[in-house]
Amino acid sequence: MSTRRVSSDEETSRLLDGQSTQVYSAADNVTAIDSSNDDGTFGESFDNVPRSKRQLGLTSAVFLVFNRVIGTGIYATPSVILRTSGSVGVALLMWVLGALLAGAGTAVYVELGTGLPRNGGEKNYLEFIFRRPRFLVSCAFVAYTLIIGTAAANSIVFGEYVLHALSIPPTPLSSRLIALLVLTFCLLIHGTTPTLGIRLQNTLGVFKLFILAAISLLGLLSLFDVPGFSVRPPYEVPRNFDSWTHIWEGSGTGVNGFVTSLYAVIWSFIGYANANYALSEVRDPVRTIKRAAPLAMMAVTVLYLLVNVAYFAVVSKRDVVESRRIVAALFFRNLFGPATERALSVVIALSTLGNLLTGQFAQGRVIQELGREGILPYSFFFASNKPFGAPLAGLFTQFLVSCVFVLGPPPGDAYLFMISTSSYSLALINTLVSVGLLLLYTPLPAFKSLNWAPPYRAPKFIIVLFMLSNVFLLVVPLVPPKEGRRVYERLPYWLHPAVALSVSLIGIAYWYIWSVYLPRKQGYKLKREWARGEDGVSRWVFRREPKVVDD
């Protein structure tokens with residue numbers, strides 16, 4: 001069943017909330033797009049956004065995913081994974097397993113993106129699947145959007161590496177000041193000059209691709225003993241790939257080590273859904289998302305594996321395990337000397353900037369999409385693209401939330417708590433999305449009647465695998481840590497799961513007051529209609545209609 005196109009005799013014009021409105025009689029029952037219309041054009045008509053607003057092509061969509069996935073993780077996480085997995089061989093297998101799970105997530109979000117090709121990502125999918133009670137999912141999702149979209153952690157990481165590059169000792173004040181400056185930069189460039197912002201994040205994506213490819217090549221040259229690429233004295237020459245025994249030496253750190261490694265590697269691949277947040281601005285969104293997300297994730301997977309091989313070809317296992325420095329720093333030190341560490345700080349800072357730009361680009365559009373739903377107060381403000389042809393209101397909202405997270409929590413437990421709460425919230429939403437997608441294939445009348453017919457379908461076992469990987473991320477933080485190991489210094493280990501699970505209560509309370517309590521008390525019912533704004537972007541508008549009381 002396809003989304004019904006509205007003929008001219010069904011359209012009427014009226015003035016609503018000061019906006020010129022087109023009313024779509026069937027628009028409140030939007031369903032998945034028809035799989036027979038697989039040329040991309042129907043995907044554009046599915047969301048009533050003018051073609052002139054669709055600026056993103058295949059390259060930009062690829063880098064939306066690529067930039068979001070690759071931040072600082074590939075430079076630091078391999079050290080953690082090797083220490084917890086015990087051997088180089090198991091560490092590499094963990095990266096392969098992480099790639100498989102990320103591939104499953106990519107397949108799930110490609111199916112959802114082709115079925116509902118519009119801005120908003122998970123918001124749309126949860127609304128489409130879980131329709132009763134009406135508007136409940138949308139209201140509950142608002143609070144999660146603000147938590148998940150915060151850029152506080154990456155902005156502070158950016159600040160610390162900038163200070164390292166300048167040989168300035170980082171302090172909480174200085175790193176937070178630079179964090180605020182980079183957040184302001186992201187807001188201004190995406191909010192006032194969106195085309196320039198897209199070009200910059202694409203350029204940074206190319207830079208990341210070049211740097212990681214260079215690291216891979218340098219490591220392979222060293223592995224094959226090419227003159228000029230040997231480990232410098234007095235650093236230890238690695239023997240990680242000398243024999244089959246060396247590769248697997250130290251394996252068997254137990255279940256706890258496996259769980260810790262898997263948890264770290266899964267989060268290194270997070271970001272595969274980033275292009276789904278901006279599909280209303282993509283040309284031929286159905287065709288593009290089917291190509292962009294897999295291309296980006298294949299590139300990420302190849303680079304991750306090659307870079308890990310490069311690290312282990314240049315840095316000894318003992319150095320990685322015993323040194324608390326990130327493995328990338330040890331890699332450059334062993335090949336080119338300690339003076340290159342400042343250059344590495346510049347590389348990581350630019351990589352983090354690309355991650356920040358793509359993250360804020362996407363999250364600003366999610367907030368705009370919530371405004372288009374008409375549920376937020378002053379929805380017309382959040383839904384607008386004025387005055388610069390960009391969702392400035394959504395970007396500014398996310399900017400404020402990120403600034404609060406940067407300035408509010410003190411160092412230590414509180415800051416780690418914020419990061420953990422954000423990560424746990426994302427795993428919770430991914431679990432609901434994957435469970436919902438499985439429900440669409442059941443014979444249950446409530447879901448079968450939705451006629452889910454996307455142009456691309458992920459295999460069922462892939463959806464189940466993705467669901468289980470996110471259930472794993474939900475369960476692990478609930479398990480008490482081993483004796484002598486603590487998640488926090490003072491806070492209980494279970495606090496961030498408890499808070500993340502409770503966040504929905506804020507949205508549920510808002511939903512009840514707005515859609516149940518006030519209409520019942522004041523004697524009206526809510527009716528929503530499409531309103532096309534002056535910027536050409538349509539949105540839902542709610543009108544209060546008096547209830548008819550029977551005599």
Side-chain angles (χ1 to χ4, degrees), residues 67-81 83 149-189 200-201 204-205 207-208 211-212 215 264 267-268 270-271 307 311 315 320 323-333 336 338-360 363 398-423 487-489:
N67 262 321
R68 186 58 173 157
V69 176
I70 299 179
T72 60
I74 188 56
Y75 302 104
T77 306
S79 304
V80 177
I81 294 172
R83 281 195 293 268
T150 176
N154 276 343
S155 62
I156 290 179
V157 168
F158 174 84
E160 290 175 348
Y161 278 102
V162 167
L163 291 170
H164 281 139
L166 298 173
S167 297
I168 300 174
T171 65
L173 178 61
S174 59
S175 58
R176 291 182 184 203
L177 176 60
I178 296 178
L180 294 177
L181 291 175
V182 74
L183 288 172
T184 304
F185 172 75
C186 293
L187 168 67
L188 292 177
I189 195 167
L200 177 59
Q201 65 190 28
L204 289 171
F207 172 78
K208 288 185 190 183
I211 291 296
L212 294 178
I215 291 174
W267 286 115
S268 295
I270 290 297
V307 167
Y311 288 156
V315 184
V320 175
S323 174
R324 291 299 165 179
R325 299 168 67 187
I326 65 173
V327 67
L330 299 174
F331 175 88
F332 281 99
R333 181 204 67 180
F336 306 112
T340 58
E341 193 165 344
R342 288 180 61 185
L344 176 62
S345 295
V346 174
V347 168
I348 297 178
L350 291 174
S351 181
T352 307
L353 177 59
N355 188 278
L356 283 166
L357 284 168
T358 51
Q360 294 305 284
Q363 290 302 321
Q398 200 58 61
F399 165 79
L400 289 180
V401 173
S402 297
C403 288
V404 169
F405 284 174
V406 166
L407 296 174
D413 280 353
Y415 189 69
L416 177 60
F417 167 74
M418 290 289 182
I419 298 173
S420 300
T421 303
S422 174
S423 301
V487 177
Y488 302 109
E489 292 180 9

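Among all heavy-atom pairs drawn from Ser351 and Gly71, the shortest one is OG-O, 2.9 Å. Summarising the geometry of Ala151 relative to Gln360, their closest heavy-atom pair is CB-NE2, 3.3 Å, with the distance given to 0.1 Å. Residues Leu204 and Leu350 share a closest heavy-atom pair of CD2-O, 4.0 Å. Annotation for Asn67 and Lys208: closest pair O-NZ, 2.9 Å, computed over non-hydrogen atoms. Residues Thr340 and Arg333 come closest through the heavy atom pair OG1-N, 4.0 Å. For Gly73 against Pro78, the heavy-atom pair with the smallest separation is O-CD, 3.5 Å.
The line from OG of Ser155 to CG of Leu180 is 7.5 Å long, rounded to the nearest 0.5 Å. Taken from CZ in Phe399 to CG in Leu188, the straight-line distance is 8.0 Å, to the nearest 0.5 Å. From Thr150, atom OG1 reaches atom CD of Gln398 across 6.5 Å, with rounding to the nearest 0.5 Å. With rounding to the nearest 0.5 Å, the separation of SG in Cys403 from CZ in Arg176 is 12.0 Å. Rounded to the nearest 0.5 Å, atoms CD1 (Ile348) and CG (Leu353) are 14.0 Å apart. Thr421 contributes atom OG1, which lies 8.0 Å from atom CZ of Phe405 (distance to the nearest 0.5 angstrom).
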Open item on the list: Between Val69 and Ile270, does the side chain to side chain contact (heavy atoms under 4.5 Å, CB included) criterion hold? Intermediate values first, please.
Closed with: CA-CA 6 Å; Val69 176; Ile270 290 297; over 6 Å; no
Open item on the list: Pair Asn154, Asn355 - check side chain to side chain donor-acceptor pair (under 3.5 Å), show working.
Closed with: CA-CA 8 Å; Asn154 276 343; Asn355 188 278; 2.6 Å; yes
- [ ] Applying side chain to side chain donor-acceptor pair (under 3.5 Å), run through Ser167 and Arg342 and close with a yes or a no.
- [x] CA-CA 8 Å; Ser167 297; Arg342 288 180 61 185; 3.3 Å; yes
TODO: Please report the C-alpha distance between Ile215 and Ile211 in whole Å, then the side-chain angles of each, then the deciding distance to 0.1 Å, and finally whether the side chain to side chain contact (heavy atoms under 4.5 Å, CB included) criterion is met.
DONE: CA-CA 6 Å; Ile215 291 174; Ile211 291 296; 4.1 Å; yes
Open item on the list: Using side chain to side chain contact (heavy atoms under 4.5 Å, CB included), reason through Val182 and Thr352 one step at a time and then give a plain yes or no.
Closed with: CA-CA 10 Å; Val182 74; Thr352 307; over 6 Å; no
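In this view, Thr77 and Ile81, Trp95, Ala264, Ser268 satisfy the side chain to side chain contact (heavy atoms under 4.5 Å, CB included) rule, not counting sequence neighbours. In this view, Ala328 and Tyr75, Tyr311, Ile326, Leu344 satisfy the side chain to side chain contact (heavy atoms under 4.5 Å, CB included) rule, not counting sequence neighbours.
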Under 3.5 Å donor-acceptor pairs involving side-chain atoms of residues 157-164, not counting sequence neighbours:
| from | atom 1 | to | atom 2 | distance (Å) |
| --- | --- | --- | --- | --- |
| His164 | ND1 | Glu160 | O | 3.2 |

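Side-chain contact between Ser174 and Thr171 is present, with at least one heavy-atom pair separated by less than 4.5 Å.
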